[in-house]
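One structure is given below, encoded as structure tokens.
Along the sequence shown, residues are numbered consecutively beginning with 1.
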Amino acid sequence: MITIYHNPHWGSSRNALAVAEDAGVEYQVILYIKEPPNEATLKKIVSGLEDPVEDLVRKDSKFKKLELNPDDFVNNPQKVVEILVKHKQLLQRPVIVNGDKAIIGRPKDRIADFIS
């Protein structure tokens, strides 16, 4: 079962759903703003992430407003988990989990290979 951490307001996230639908795979959608992953789930995602762990944190205007420093969590899975537990909206989207592996679904070309 594929799990997609999704935010329907963003095209990249909607693209992930479309790719999964086109591939005909079974998937579940988690609206991570309404149902944020807890610490244990984030640790599992981080441990299987095929991307650099720091990429899981969005560096957007909220990130800047919080005065976070990306150097504080480069190659530091525990710090990434701490940030995302406190600030769920900083979770990069979409995050796609397939078994014990995970990717950030950007660019969308990566998704089809990952879920098949």
Side-chain angles (χ1 to χ4, degrees):
M1 167 80 77
I2 306 297
T3 301
I4 301 173
Y5 289 87
H6 174 63
N7 185 331
H9 299 292
W10 300 102
S12 59
S13 200
R14 291 189 304 270
N15 286 337
L17 296 182
V19 171
E21 193 70 34
D22 290 346
V25 298
E26 190 174 334
Y27 64 93
Q28 81 176 64
V29 174
I30 296 179
L31 300 172
Y32 69 88
I33 296 297
K34 291 182 180 179
E35 295 178 58
N38 62 23
E39 183 175 359
T41 301
L42 286 167
K43 284 181 177 181
K44 184 178 179 200
I45 290 169
V46 164
S47 72
L49 191 64
E50 295 183 1
D51 301 295
V53 69
E54 59 270 13
D55 289 354
L56 205 53
V57 179
R58 293 175 42 86
K59 285 97 176 157
D60 60 5
S61 59
K62 171 111 178 138
F63 181 88
K64 291 176 183 146
K65 185 177 179 181
L66 293 167
E67 298 180 355
L68 296 172
N69 182 348
D71 294 336
D72 291 344
F73 56 88
V74 170
N75 293 319
N76 190 332
Q78 183 56 40
K79 280 284 197 190
V80 168
V81 168
E82 288 171 13
I83 289 168
L84 294 175
V85 165
K86 287 182 185 176
H87 307 287
K88 64 186 178 194
Q89 59 275 66
L90 292 181
L91 179 66
Q92 190 59 268
R93 81 254 170 212
V95 174
I96 302 157
V97 179
N98 186 356
D100 59 355
K101 298 288 184 190
I103 64 166
I104 298 165
R106 294 171 161 210
K108 80 174 191 173
D109 302 345
R110 314 177 61 199
I111 300 169
D113 288 339
F114 182 72
I115 63 175
S116 60

Worksheet entry | Donor-acceptor contact below 3.5 Å, side chain Asn98 vs main chain Phe114 | yes

Discussion item. What's the separation between atom CG in Asp51 and atom CG in Leu56, rounded to the nearest 0.5 Å?
Written reply: 8.5 Å

Response to the item:
Distance col, row Lys88:NZ vs Leu42:CG, nearest 0.5 angstrom, shows 12.5 Å

Discussion item. If we ignore hydrogens and angles and just use 3.5 Å, is the side chain of Glu54 paired with the main-chain N or O of Asn75 as donor and acceptor?
Written reply: yes

Discussion item. Hydrophobic clusters here meaning ILVMFWY residues chained together by side-chain heavy-atom distances under 4.5 Å, can you tell me if Val53 and Val97 are in one?
Written reply: yes

Discussion item. For Asp71, is there an ion pair with Lys79 - N to carboxylate O distance below 4.0 angstrom?
Written reply: no

Worksheet item: Side-chain heavy atoms under 4.5 angstrom apart, residues restricted to Ile, Leu, Val, Met, Phe, Trp, Tyr: same cluster for Ile96 and Val80?
Response: no

Worksheet item: How long is the span from the NE2 atom in His9 to the CG atom in Leu31, to the nearest 0.5 Å?
Response: 9.0 Å

Discussion item. If I compare all heavy atoms of Leu17 with all of Val29, which pair ends up nearest, and what's the gap?
Written reply: CD2-CG2, 3.5 Å

Discussion item. Is any side-chain heavy atom of Trp10 closer than 4.5 Å to one of Pro94?
Written reply: no

Practice prompt. Evaluate the side chain to side chain contact (heavy atoms under 4.5 Å, CB included) criterion for residues Glu39 and Gln78: first the C-alpha distance (whole Å), next the side-chain angles of each, then the deciding distance (0.1 Å), finally the verdict.
Written response: CA-CA 10 Å; Glu39 183 175 359; Gln78 183 56 40; 3.9 Å; yes

Worksheet entry | Tyr5 side chain near Thr41 side chain, heavy-atom distance below 4.5 Å | yes

Worksheet item: Under 4.0 Å between a Lys/Arg side-chain N and an Asp/Glu carboxylate O for Lys86 and Glu82?
Response: no

Worksheet item: Linking I/L/V/M/F/W/Y whenever their side-chain heavy atoms sit closer than 4.5 Å, directly or via other members, would Ile111 and Ile4 fall into one cluster?
Response: yes

Item to complete: Side-chain contact test, heavy atoms from C-beta onward, threshold under 4.5 Å: evaluate it for Lys59 versus Lys64 and give yes or no.
Response: no

Discussion item. For Gly99 versus Lys44, what's the shortest heavy-atom pair and its separation?
Written reply: O-NZ, 4.2 Å

Fill in: Thr3 side, atom OG1; Ile45 side, atom CD1 - distance, nearest 0.5 Å
8.5 Å

Worksheet item: Has Glu21 got more than 12 heavy atoms of other residues, nucleotides or ligands less than 6.0 Å from its CD?
Response: no

Worksheet item: If you look at every heavy atom in Tyr27 and Val25, which pair is closest and at what distance?
Response: CD2-O, 3.3 Å

Worksheet, complete the sentence: When Gln92, His6, Arg106 are each screened for side chain to side chain donor-acceptor pair (under 3.5 Å) with Ser12, the one that passes is Arg106

Worksheet item: Just wondering, do His87 and Leu66 contact through their side chains at under 4.5 Å, heavy atoms?
Response: yes

Worksheet item: Is there side-chain contact between Asn69 and Asp72, with heavy atoms separated by less than 4.5 Å?
Response: yes

Worksheet item: Is there a path of hydrophobic side-chain contacts, each under 4.5 Å between heavy atoms of I, L, V, M, F, W or Y residues, that connects Leu90 with Ile103?
Response: no

Discussion item. Has Arg110 got a side-chain atom pairing as donor or acceptor with Ile104's backbone, closer than 3.5 angstrom?
Written reply: yes

Item to complete: Any chance you could measure Lys62, atom NZ, to Gln89, atom CD, to the nearest 0.5 Å?
Response: 4.5 Å

Fill in: Single-linkage hydrophobic cluster, 4.5 Å side-chain cutoff, Ile83 and Tyr32 together
yes

